[in-house]
Protein chains: 2
Amino acid sequence: MPKIVDPEERRREVVEAVFRVVARGGIRQATLQNVAVEAGLAVGSVRHYFASHPELLTAAAREMVRRVEARVRAQRERLRPEDDPREVVEEMAGQFLPLDAARADEVAVWLEFAVAARTDPTLGSIAAELHQGLRTVAGRLLDRLGVTDPVATEHLAAVLDGLALNAALHPDRLGPDTLRAVLRLHLEQLPGA
Amino acid sequence: MPKIVDPEERRREVVEAVFRVVARGGIRQATLQNVAVEAGLAVGSVRHYFASHPELLTAAAREMVRRVEARVRAQRERLRPEDDPREVVEEMAGQFLPLDAARADEVAVWLEFAVAARTDPTLGSIAAELHQGLRTVAGRLLDRLGVTDPVATEHLAAVLDGLALNAALHPDRLGPDTLRAVLRLHLEQLPGA
DNA sequence: CTTTTTATAGCACGGTCGTGCTACGGTTTT
DNA sequence: AAAACCGTAGCACGACCGTGCTATAAAAAG
């Protein structure tokens, strides 16, 4: 059955396995052996697609960024000019919060990679890219509401990151409803209200 | 020189070494060997004070909580009834932000332990305690300003955690001045203003 | 049919880690 | 003086990790 497989597809499957392992047990558990087991492959097979362990992790990190970008882009294309700007912003900002189980896993993976990037130069640039991306989106959203203060952008970004962090670390104490309530409160308190 | 040493003092020195290692290289680097080298001891000596690796980490985590509590308590005792409530709250909330180099290291250590606690049951209760503590303080601060909404408490807690997170991960993009500006903006936008 | 390519798997080596255990010298106690 | 204690250090073992390398068999190319 060797050549019938689409390499791109296999790579995606392995990356998916990385996500599951990281979400479940943290980035320390994302060893080649654990990922191989999770993917139902042998270590040597995983290494056929990712030459080294760092390469596997950076590929997974890049895929995570790609997913977030895709979700934001999809959400943007769903926009209608007649939509209430408030709701548009709320919906868009919610894309960064763990409002359902799938996003909860994704946020957990994001947190693991972001923190690892603090001390791992290999992941540094990807984390910086994500950091900058959130600020760009936040700035655009505030623009839409007539707010241009860069401090307000940082403020919104901090709330989103803080909510995501707390929801990932204490999912039992911070459900989707609470996340939405805090986000709504934040938007209500914007000066341009 | 065996018996002349105060055991408590030695334990504190070792924990200090753990802090330095974690702040510099992340919790993955907090191995017995690395900590021993950092403390200028042999692995066997470290194990004389901390029977196992988990015990060393939980002791360090507990010490971190103790320090934060001590700083909050010290700040509270410095209060004078005639102080401006606004400034009091700002000063107290600032205790949770990396406004100087010492606090930056402490925040980095906090972040590492908090994230590790997500997947390490050993650290779980300590992280939960810290999480709850921040909300208690935040709630009391808002009370002082006439705000009693629990959602506002969660909002303030999210901002503080988010700022600390971002400052720890991207210290070059988020200096103390920006942190203070965002915190001030947050307090200005409270409904009770 | 033969050759090349590729997906999968496995082995072996060097390194690191946590930990059980022992050794030794200086201190305290009897 | 002898015995018990404690701080410090080191060894050895089993486990796991990343990685260089090789083997095999199926598919593709010639």
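Computed from heavy atoms alone, side chains included, the values below leave out hydrogens, waters and symmetry copies. Fair warning: this is a prediction, and the values are worked out from it, not measured in the lab. Numbers restart at 1 for each chain; the letters A, B, ... are given by sequence-line order, proteins then strands.
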Counting only side-chain N and O atoms of [X], is one of them less than 4.0 Å from OP1 or OP2 of [N]?
X: B:Q33; N: C:dG18; result: yes
X: B:R10; N: D:dT8; result: yes
X: B:H48; N: D:dT8; result: no
X: B:S45; N: D:dA9; result: yes
X: B:T31; N: C:dC17; result: yes

In terms of side-chain geometry, is the basic nitrogen of [X] or [Y] positioned less than 4.0 Å from the acidic oxygen of its partner?
X: B:R103; Y: B:E106; value: no
X: A:R10; Y: A:E13; value: yes
X: A:E69; Y: A:R66; value: no
X: A:E16; Y: A:R67; value: yes

Could you tell me how far apart [X] ([atom1]) and [N] ([atom2]) are, to the nearest whole angstrom?
X: B:F50; N: C:dG18; atom1: CZ; atom2: C1'; answer: 16 Å
X: A:N34; N: D:dA15; atom1: CG; atom2: P; answer: 16 Å
X: A:R11; N: C:dT6; atom1: CZ; atom2: P; answer: 15 Å
X: B:L32; N: D:dA9; atom1: CG; atom2: C1'; answer: 14 Å
X: B:L57; N: C:dC17; atom1: CG; atom2: P; answer: 13 Å
X: B:L41; N: D:dA9; atom1: CG; atom2: C1'; answer: 10 Å

Donor-acceptor pair (no angle test) under 3.5 Å: A:R47 side chain, C:dG10 base: no

Along DNA chain D (nearest heavy atom to each residue), the more 5'-positioned of A:A30 and A:G44: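 Here A:A30 is the residue nearer the 5' end.
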
Closest listed nucleotide, where the reference is the side chain of A:H53 and the choices are C:dT8, D:dT19, C:dG18: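 Output: D:dT19.
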
Nearest-neighbour nucleotide for the A:Y49 side chain, D:dG18, C:dT19, C:dA7 considered: C:dA7

Student check: side-chain heavy atoms of A:E91 and A:Q75 closer than 4.5 Å: yes

